[in-house]
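One structure is given below, encoded as structure tokens.
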Amino acid sequence: MERYVFSGTGFVPGQYTITNQQIEQAIDEGFLYGFNKIRVEQGESYNAYLEQGGKLKPFSFMAEHKMGFRDRRHVVPFPPAKKSYPKADNSLDLAIKASRQAIDKAGLFPQDIDMWMVSTATAHEKAPGLAATLKCYFVPFNNQTPTHSLTSACVGFNINLELAIQKMKQHPNMKHILIVHTEVMSELLCNEKDFVPLTSFGDAASAVVLSRIETKQPVGVQHICNYEDLRMIDFLGADKYGNLYMEPRVVKSRAVPNMVNVATEISEKDNKQPADYDYYIPHQTGHAIVKSVIKAARIPDEKCCQDVQLNYGNLSGASVPASYHELLTNGKLKPGMHILTSVAGLGGEYGGFSYIVPETVTFDSNGSMLEGKTVFITGSTGDLAHKTIENLAEQQANLLLHYRDDKKVAGLKDKLKQYTGNIQYLKADLSNAEEVENMAKNIKSQGIAPDYVIHIAAATGNLKRASEVTDKEMQEVEHVNHRAARIIIETLFDDIKETVLFVGSVAEEALFSGSSAYVASKRALHAYAVDLAIRYYQHNKRVVYYIPGIIDGGMMGKLSEAQKSASMQSVRQTRLIELDKIADNLVKSLYLPKVQGVEADYEGALMVRRDGYLKEDLS
């Protein structure tokens with residue numbers, strides 16, 4: 001029979017751990033209100049706790065023992081402020097990271113995913129839908145798999161899970177659907193003064209790959225349901241200004257019976273009692289609701305999973321998949337275990353599902369998106385080129401590697417022996433037009449049609465003032481950095497299949513002093529890239545001008561520490577960027593519409609990508 005299982009999971013919380021002590025300090029300083037310290041101090045439970053040697057202050061005791069929250073994770077430091085969010089992870093960033101984890105753990109490649117589904121109540125942009133944007137970070141332009149974006153909070157994952165199963169039943173060719181829920185709830189709290197939401201909510205994204213398998217074993221999703229209680233519609237949400245509104249008593253009065261009813265309905269369909277499951281995963285909303293639910297449903301406390309709530313906060317719709325991920329990661333889930341879930345929240349939505357843990361499943365994958373592709377690279381012996389070539393070789397690409405120096409290329413040849421792709425080395429001096437043209441004609445005569453061309457070769461010249469640079473040196477640098485690329489591209493114009501990528505330089509925009517030949521040649525290359533992109537656009541080919549920030553290697557090796565510091569300050573870059581990261585992003589730029597952490601904009605048809613610094617930060 002066909003079953004629907006979680007073949008991979010991912011969970012990424014916000015970067016900053018916000019402790020109860022931090023919130024307590026804000027209460028003491030009058031920043032937050034609503035907490036009655038005297039009432040807690042006079043309470044029997046707190047005094048009993050102190051008698052047993054407890055050390056927590058009244059608020060920390062209240063938050064952890066009564067509310068069920070010890071820590072929560074935000075994308076910004078506490079307290080949340082609007083000015084902190086432009087440079088913080090947003091809901092898309094978290095979704096990308098969680099999705100990458102889930103796809104990797106499923107043993108799949110992104111092109112194996114047949115549909116992309118994302119739910120959130122805190123989308124980082126109004127349009128397009130978050131799922132469409134997410135997909136751009138994983139698959140190339142020609143991928144036509146559908147996407148589905150859902151505006152929903154606490155029940156978003158559950159709704160999309162049911163829709164995903166329906167979709168698979170309607171389309172037998174679908175094998176894997178990525179389901180993500182992502183939230184940056186803290187951004188809704190920037191104007192909040194009530195301690196309760198600041199104590200409760202955290203930021204995170206959770207993802208699962210739902211896979212269709214055929215097995216006689218009753219595994220995977222067993223039963224699932226979703227409903228909506230309109231009596232909650234006005235009591236939990238966010239207004240048009242992005243401010244949270246919440247009436248805790250009303251929410252509790254509706255959420256508790258709804259979650260109990262779901263748990264009862266699903267357990268009846270499974271021919272069980274709620275107490276019979278190995279684990280119960282509720283929406284991690286806090287003790288006030290969860291403890292009432294398990295009491296009403298007669299679920300033993302030890303079967304109720306609330307670790308995510310305790311350590312990460314209420315993560316909205318990411319709560320249940322995050323809890324499953326944590327149970328799995330911590331080795332608490334074994335094949336055959338039966339899990340029950342129920343959730344309720346924003347807009348009165350509520351639902352749940354039951355799930356039987358399967359044995360580990362494996363799939364045949366489509367392989368690397370670069371496997372069998374041919375990539376021609378100029379200047380293969382440089383530091384950045386080395387890392388880029390290794391990245392391509394690991395993905396089983398075929399390589400045409402230009403070089404000039406026999407000694408420098410020897411080490412590269414030795415390192416690449418371990419890879420299976422076809423590798424050909426082409427020697428030429430890029431400052432010599434005849435040698436460059438012969439190299440390009442040699443490629444053409446062999447009938448080789450490169451899928452991608454990367455012009456990474458660069459001559460820096462000396463770092464003297466412009467008035468001290470000779471005409472000869474100016475011409476040599478110009479030929480290596482710009483003219484050689486023109487000769488190669490124009491010779492192979494019709495043969496290149498997909499993308500030409502030129503590696504530019506942040507020096508073009510930062511205007512480093514003492515590098516006039518280098519800057520002038522890179523600006524000429526940039527202008528050529530704009531022209532080429534226009535001509536290639538009608539042939540459905542792409543041109544990318546990739547500008548890395550200041551790298552820990554390459555040209556920077558020629559600068560003193562003082563020069564490095566001055567260069568970084570000129571683009572407001574806080575640290576040197578690792579070569580591995582730049583190389584990885586460079587390779588992704590060959591075929592992905594978007595690359596995480598890389599700013600992108602168009603100059604006509606030319607895609608310009610800036611990695612490691614932001615254009616608008618330049619003064």
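Worth saying up front: this structure is predicted, and the values here are computed from it rather than measured.
- Counting heavy-atom neighbours within 6.0 Å of E302 CD, excluding the residue itself, gives a total above 12.
- Under a 4.0 Å N-O distance rule, the pair D89/K97 qualifies as a salt bridge.
- Atoms NE2 and CG, on H74 and D203 in that order, are 5.5 Å from each other to the nearest 0.5 Å.
- Shown here is K272, whose NZ atom has more than 12 heavy atoms of other residues, nucleotides or ligands within 6.0 Å.
- Residue L178 comes nearest to A102 through the heavy atom pair CD1-CB, 4.3 Å, listed as atom of the first residue, atom of the second, then distance.
- Within the 3.5 Å criterion, the main-chain N or O of V250 finds a donor-acceptor partner in the side chain of S253.
- In this structure a side-chain-to-backbone donor-acceptor pair under 3.5 Å is present from D114 to K175.
- Atom NZ of K193 has more than 12 heavy atoms from other residues, nucleotides or ligands within 6.0 Å.
- Rounded to the nearest 0.5 angstrom, E247 CD and L236 CG are separated by 10.0 Å.
- Defined by atom type and a distance below 3.5 Å, a donor-acceptor pair is present between the side-chain atoms of Y277 and D270.
- A distance of 10.0 Å separates OG in S7 from CG in D112, rounded to the nearest 0.5 Å.
- Using a 4.0 Å cut-off between a side-chain N of Lys or Arg and a carboxylate O of Asp or Glu, D28 and K57 do not qualify as a salt bridge.
- Using a 4.5 Å heavy-atom cutoff, the side chains of S365 and Q111 are not in contact.
- The number of heavy-atom neighbours closer than 6.0 Å to NZ of K82, taken from other residues, nucleotides and ligands shown, is above 12.
- In this structure, R212 contributes its side chain and M168 its backbone to a donor-acceptor pair below 3.5 Å.
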Under 3.5 Å, sequence neighbours excluded: what are the donor-acceptor pairs made by side chains of residues 61-71?
| residue | atom | partner | partner atom | Å |
| --- | --- | --- | --- | --- |
| K66 | NZ | S45 | OG | 3.3 |
| R70 | NH2 | N311 | OD1 | 2.5 |

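- With no hydrogens or angles considered, no side-chain donor-acceptor pair links Y324 and S206 at under 3.5 Å.
- With E183 contributing its side chain and T122 its backbone, the two residues share a donor-acceptor pair below 3.5 Å.
- Looking at N314 and S200, their side chains never bring a donor and an acceptor atom within 3.5 Å of each other.
- A donor atom on one side chain and an acceptor atom on the other are found under 3.5 Å apart for Q306 and H287.
- Side-chain contact annotation: Y227 with E265, donor-acceptor N/O pair under 3.5 Å present.
- A donor atom on one side chain and an acceptor atom on the other are found under 3.5 Å apart for E349 and S152.
- Using a 3.5 Å distance cut-off with no hydrogens or angles, the side chains of Q273 and S267 do not pair a donor with an acceptor.
- Y137 places no side-chain N or O within 3.5 Å of a backbone atom of P593 that could act as its donor or acceptor partner.
- Using the six-membered ring where Trp is involved, W116 and F138 have ring planes that are tilted, between 30° and 60° apart.
- Within a 6.0 Å radius of CD1 in I38, no more than 12 heavy atoms belonging to other residues, nucleotides or ligands are found.
- The backbone N or O of S60 lies less than 3.5 Å from no partner atom in the side chain of Q21, so there is not a single donor-acceptor pair.
- The closest donor-acceptor contact from the side chain of E599 to the backbone of G597 lies at 3.5 Å or more, if one exists at all.
- In terms of heavy atoms, T285 sits closest to V290 at CG2-CG2, 3.9 Å.
- Summarising the local packing, CD of E125 is surrounded by more than 12 heavy atoms from other residues, nucleotides or ligands at distances under 6.0 Å.
- The shortest heavy-atom contact between F35 and P58 is CZ-C, 3.8 Å.
- Heavy-atom minimum distance, A88 versus D93: O-OD2, 3.9 Å.
- In this structure, N158 contributes its side chain and C225 its backbone to a donor-acceptor pair below 3.5 Å.
- A side-chain donor from one of E29 and Q25 sits under 3.5 Å from a side-chain acceptor of the other.
- Within a 6.0 Å radius of NZ in K269, other residues, nucleotides and ligands contribute more than 12 heavy atoms.
- Judged by distance alone, the side chains of S342 and Y280 do bring a donor and an acceptor atom under 3.5 Å apart.
- When atom types are taken as modelled, the side chain of D278 and the backbone of I339 share no donor-acceptor pair closer than 3.5 angstrom.
- Nearest approach of V155 to G351, heavy atoms of both residues: CG1-N, 4.2 Å.
- In terms of heavy atoms, I177 sits closest to M174 at CD1-SD, 4.1 Å.
- For D364, the CG atom is loosely surrounded, since the number of other residues' heavy atoms within 6.0 Å does not exceed 12.
- No hydrogens or angles considered: nothing links the side chains of H124 and S91 as a donor-acceptor pair under 3.5 Å.
- In this structure, the side chain of Y312 does not engage the main chain of A322 through any donor-acceptor pair within 3.5 Å.
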